[in-house]
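Here the structure comes first, spelled out in structure tokens, and everything after it is commentary.
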Number of protein chains: 2
Amino acid sequence: MNEKVDTKARILDAAEKLFGERGFESTSLRDITAEAQVNLAAVNYHFQSKDSLIDAVVARRIEPINRLRLGMLDAAGPNPTLEQILRAFLLPVLELKRDAVMPLLGRTLSDPHQFVEKVYKKHLLAISERIHRELAKALPGLPVAELRWRLYFAAGVMTYILSWSKVLPDISGGLCDPSDRQALIDRVIDFLAAGFRAPVNEPAFERVLLEKEG
Amino acid sequence: MNEKVDTKARILDAAEKLFGERGFESTSLRDITAEAQVNLAAVNYHFQSKDSLIDAVVARRIEPINRLRLGMLDAAGPNPTLEQILRAFLLPVLELKRDAVMPLLGRTLSDPHQFVEKVYKKHLLAISERIHRELAKALPGLPVAELRWRLYFAAGVMTYILSWSKVLPDISGGLCDPSDRQALIDRVIDFLAAGFRAPVNEPAFERVLLEKEG
DNA sequence: GTCTATAGGTTGATAGAC
DNA sequence: GTCTATCAACCTATAGAC
């Protein structure tokens, strides 16, 4: 509890911005305190270490997204359609208001280093299982391995949009503008829904069955 | 020209491995020379700087992939099918033999920092334009902005597979095994081809037309 | 809670002997 | 071409005054 414009929040905001722009390793605590206009030692006072700061920055954004996702799934009733599930998965991420959040999440979901333990198992495993279960109900004919693969493909599309949202208009010659969030969400859902509904190819399907039998 | 097992190549191999495992920033030149069992100063002798080393490591893998892609497109004749185009795009990347290359390319294609200039415009712009042109021929009814978006979605799926290939069996409980390359390639192509062929949603389509008119 | 000062370690790069 | 030795710059983290 402090009179000044909360130092702790200023650090989180600055760290979020710079982590997203330059990556976690390339951003020093000095970069962050300079951006936030606070003293260097304030980081280690409010957070214990750079690693804990990264945890706090990531958790602050991922947890509300997951609550929104669960809320949308619950609101869709016991048997949501494929489109409803995909919307619950994507909309809370692709509708984010603050410009700094999408690059941050892009970095977070792209870095395989220790994020399997620190991000996936901590923040994404539960929601991933829930979405997998809903998808299995909505697509009863799809083999479970195929479903799992396609969910990863969908996560890949989402992550790529997050990572490149800032530069996409530039490298597409203005053709792709992610700022119209609703249009983008509709586009992605149409694309992914068609992919999820694609017929399962015979050779690949047979190979899965053979693998199961040994 | 040297008698010993080429120091320069040893550095490239070690750098490729460690860059892929830990990322470019997290890997020091000392890490690389220790892994390669060469002297620290050898890096600055054979390559001028860490940045140039990164360039060399990336270029060594991307350029042959692009040549393979162009060869497959040329071999498919003047009007390749959607599946042929996707196969030319994906197979040279997903069929890579050396384990270290996929994580390296995953890092390379995920890091937005300065890679728009150093990787995209240098190594990916030309092949991206060629694939875009072939896709436009194969899908004549699709608006150009929609096509561009869907090509980015496809790149996102490919990049995600590269980034997570090492941990995918672990976090999927063994359901997803990227080691069967041919099955994976078939899976991805089926998924993406269906996405590319998805009907264009009216609202999104109209919005694009309205934007063009101002 | 906020600051200065600094410890203690790592980094990329190079000079110069062999 | 390969090595040792070293520099100057940077890093995270902390101790201690206010």
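Below, chain A is the first sequence line, B the second, and so on; all start at residue 1. All figures in this text were calculated on a predicted structure; none of them were measured in a lab.
The distance from atom CG of A/Asn44 to atom P of C/dT6 is 18 Å, rounded to the nearest whole Å. For B/His46 and D/dG1, the NE2 to P distance is 7 Å, given to the nearest whole Å. Here the C1' atom of nucleotide D/dC10 and the CD atom of B/Glu25 are 13 Å apart, to the nearest Å. Here the P atom of nucleotide D/dC11 and the CG atom of A/Leu53 are 15 Å apart, to the nearest Å. Here C/dA13 presents its P atom at 17 Å from OH of B/Tyr45, a figure rounded to the nearest Å. The nearest whole Å value for the distance from the CD1 atom in A/Ile11 to the P atom in C/dT2 is 8 Å. Following rounding to the nearest Å, B/Phe24 (CZ) and C/dG12 (C1') show an atom-to-atom distance of 17 Å.
For A/Thr7, a side-chain nitrogen or oxygen approaches OP1 or OP2 of C/dT2 to under 4.0 Å.
Taking 4.5 Å as the limit, every side-chain heavy atom of A/Val93 sits out of range of all side-chain heavy atoms of A/Val101.
Considering only residues two or more places apart in sequence or on other chains, B/Ser163 meets the side chain to side chain donor-acceptor pair (under 3.5 Å) condition with B/Ser110. For A/Glu134, the side chain to side chain donor-acceptor pair (under 3.5 Å) partners two or more places apart in sequence, or in a different chain, are A/Arg130, A/Lys137. Scored by the side chain to side chain donor-acceptor pair (under 3.5 Å) test, B/Arg10 finds no partners at all (sequence neighbours excluded). A search for ring-ring contact (aromatic ring centres under 6.0 Å, His included) contacts involving A/Phe24 returns A/Phe19, A/Phe115, not counting sequence neighbours.
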Which pairs of donor and acceptor atoms, one on a side chain in residues 36-48 of chain B, lie under 3.5 Å apart (sequence neighbours left out)?
{"unit_1": "B/Asn39", "atom_1": "OD1", "unit_2": "B/Ala41", "atom_2": "N", "d": "2.9"}
{"unit_1": "B/Asn44", "atom_1": "ND2", "unit_2": "B/Gln48", "atom_2": "O", "d": "3.3"}

Checklist line | Verdict with reasoning, A/Arg148 to A/Leu151, per side chain to side chain contact (heavy atoms under 4.5 Å, CB included) | finding: CA-CA 5 Å; A/Arg148 198 80 169 207; A/Leu151 181 52; 5.5 Å; no
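Among residue pairs with one or both ends in residues 144-175 of chain B, those qualifying as ring pair (Phe, Tyr, Trp, His ring centres under 6.0 Å) are A/Phe191-B/Phe153, B/Trp149-B/Phe153, B/Tyr160-B/Trp164; sequence neighbours excluded. For the salt bridge (Lys or Arg N to Asp or Glu O under 4.0 Å) condition, the pairs that include at least one residue of residues 105-115 of chain B, sequence neighbours left out, are A/Arg107-B/Asp111, A/Asp111-B/Arg107.
DNA chain D lies under 4.0 Å from at least one heavy atom of each of the following residues of residues 33-42 of chain B: B/Asn39, B/Ala41.
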Report, one pair per line, the protein and nucleotides 8-11 of chain C atoms (nitrogen or oxygen only) whose separation is under 3.5 Å.
{"unit_1": "C/dT11", "atom_1": "OP1", "unit_2": "B/Ser28", "atom_2": "OG", "d": "3.1"}

